[in-house]
Number of protein chains: 2
Amino acid sequence: MAFQDELFKSDDTYKSAFSVDNVIFGFDNDNLKLLLIKRKSDPFRGNWALPGDIVSPSEDLDQAAIRVLEQLTGVKNVFLEQVHTFGKVDRHPRGRVITIAYYSLINIKQVNIVADSFADKVAWKELRSIDKLAFDHFQIIQTCLKRLRRDLKFGPIGFELLPEKFTLTELQRLYEAVLEKELDKRNFRKKILSMNVLKSCHELQKGVAHRPAKLYSFDAQRYEEAKEEGYIFEL
Amino acid sequence: MAFQDELFKSDDTYKSAFSVDNVIFGFDNDNLKLLLIKRKSDPFRGNWALPGDIVSPSEDLDQAAIRVLEQLTGVKNVFLEQVHTFGKVDRHPRGRVITIAYYSLINIKQVNIVADSFADKVAWKELRSIDKLAFDHFQIIQTCLKRLRRDLKFGPIGFELLPEKFTLTELQRLYEAVLEKELDKRNFRKKILSMNVLKSCHELQKGVAHRPAKLYSFDAQRYEEAKEEGYIFEL
DNA sequence: GCAAAAGTGTTTTCATTACACCCATGT
DNA sequence: ACATGGGTGTAATGAAAACACTTTTGC
């Protein structure tokens, strides 16, 4: 590290800053969705964009990402992971701003979208319908989506997108939506149940016009224990 | 993104910068090594640290990482991947500096270490012998090592650490060193050869006091073709 | 001829895949 | 009674793991 104090003294040299941007995934109606905002001010006024903000000088990066998420959704303790830092010189039209991209998984039903001071509108958009976004945000979601696909195969994180209690079919639809391929019902159930990370709620679905499904929830404690013993989740 | 131009105007607010740090892996004598520098100036003068530098305002992040690597080793076209951005408020004692960590894989024999203006010494250190480093660099190598382990299993990148021509045993030793577990010789060979990404050089080792091994090299072209057809490398 | 690493196949075990019918509920 | 999704088992296939001896060279 060749860092020197003088670097902080020059106004001009450091016309630069860093931001966080957050790819917030939700799952609803068998579809993967993203929480986007419509920008109220320039640059890219009126365009859809990822929620994000400049990181304050006295704020950890992760903390900034959490703040953005909480301000927008009101939800705490959300699954959140750093993915990649985007730093092309010209990615921001007003100066040198690199952005650290995070993705988060959220139970869409739990969110009450809070009006945001930087946004005209905040909305869940179907992932498949998104084409253009402000800045390099489209590229950012591609990168985060790839990461989500990999993480979903190698860790018990799908549950973060579902309500506390869910049916096996809901879980399967979620995997199918993210991985973009159909799975065999019997094999999926065998596999996921054999992992011993689900606990039955001893409850049934209600009000459905067919045989009601059993409800399950993720047993985080059991998973942690199994992990200690070298168990590896993989789907 | 809540970015506003005013943010660039305040001297105080933006006493901040970003750097890149590079975890440079090499493989020699059945051991995984890192290229480290001994710091010439404060903070952490005299401590071992990762090679890195402040990113210039007109430089892409990847470009900065490449520059650091080339200045130090003189080698071009090296495997280099961004891993994670470290941004704790207090990680740098002189101000707010976040750092984007990269890892690279290099054929250790190819490197002529170039004296570095920021370092008293530059040296390859055995990974296992490294305990303390300047800043949060120890944590950074842990993170990069985890990433390397995963990447090595899911992509044909081990070759980057070896000379152009290598024996199957050398390759196996490399996998064993990185993954920290012994592999069965016959199974390893069966698997790696069945992947069709090695081509025989029709040459033998020379000057060894035992039966000479065949030399192979990585067939990047064949790999690319196979990948097009949906082939997935996994070891 | 001895030390040292190269090279080579088969069997067993386990995980993955493919596949079709009956069940419980609401209307 | 019918429509809808819930729930279940077995056989076939393919991949991974376990395992030991012969070969070639330098000294």
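Model, not experiment: these values are computed from the prediction.
Remark: P of C:dT16 and CG of A:L235 are 9 Å apart, rounded to the nearest angstrom. The NZ-P distance, from B:K190 to C:dT11, rounds to 12 Å in whole Å. With rounding to whole Å, B:L198 atom CG is found 13 Å from C:dG7 atom P. Rounded to whole Å, atom P of C:dT16 lies 20 Å from atom CD of A:E182. When the P atom of C:dA18 is taken as reference, atom CZ of A:F188 falls 16 Å away, rounded to whole Å. For the pair A:I192 CD1 and D:dT8 C1', the computed distance is 17 Å after rounding to whole Å. As a whole-Å value, the separation of A:Q172 CD from D:dG5 P is 14 Å. Straight-line distance from the CG atom of B:L204 to the P atom of D:dT23: 17 Å, rounded to whole Å.
Projected onto DNA chain C by closest heavy-atom contact, B:A209 and B:Y216 fall at different nucleotides, the more 5' of which corresponds to B:A209. Both A:E170 and B:P212 lie close to DNA chain D; mapped to their nearest nucleotides by heavy-atom distance, the more 5′-ward contact belongs to A:E170. Both B:E234 and B:G207 lie close to DNA chain D; mapped to their nearest nucleotides by heavy-atom distance, the more 5′-ward contact belongs to B:E234.
In summary, the side chains of A:S19 and A:D53 do not present any donor paired with an acceptor at a separation below 3.5 Å, with no hydrogens or angles considered. A:N196 and A:R222 are linked by a side-chain donor-acceptor pair at a separation below 3.5 angstrom, with hydrogens and angles left out of the test.
Checked by distance alone, B:K206 brings no side-chain donor or acceptor within 3.5 Å of a matching partner on the base of D:dT25. Residue side chain B:K185 reaches the base of C:dA6 through a donor-acceptor N/O pair under 3.5 Å, judged by distance alone. Looking at B:R186, its side chain has no donor and acceptor atom pair within 3.5 Å of the base of C:dA6.
If you check D:dT8, D:dT24, D:dG5 against the side chain of A:H210, the one that comes closest is D:dG5. With D:dT24, C:dA5, C:dT17 as the candidates, the nucleotide lying closest to the side chain of A:N187 is C:dT17.
In summary, the aromatic rings of A:F218 and A:F166 are positioned with their centroids too far apart to meet the 6.0 Å limit. Taking the six-membered ring where the residue is Trp, the centroids of A:F135 and A:F86 are separated by 6.0 Å or more.
For D:dA15, the OP1/OP2 oxygens have no side-chain nitrogen or oxygen of B:K191 closer than 4.0 Å. Put simply, B:R189 has no side-chain N or O that comes within less than 4.0 Å of OP1 or OP2 on C:dT8. OP1 or OP2 of D:dG6 sits under 4.0 Å from a side-chain N or O of A:T169.
A cation-pi arrangement is absent between A:K132 and A:W48 under the rule of less than 6.0 angstrom and at most 45 degrees off the ring axis.
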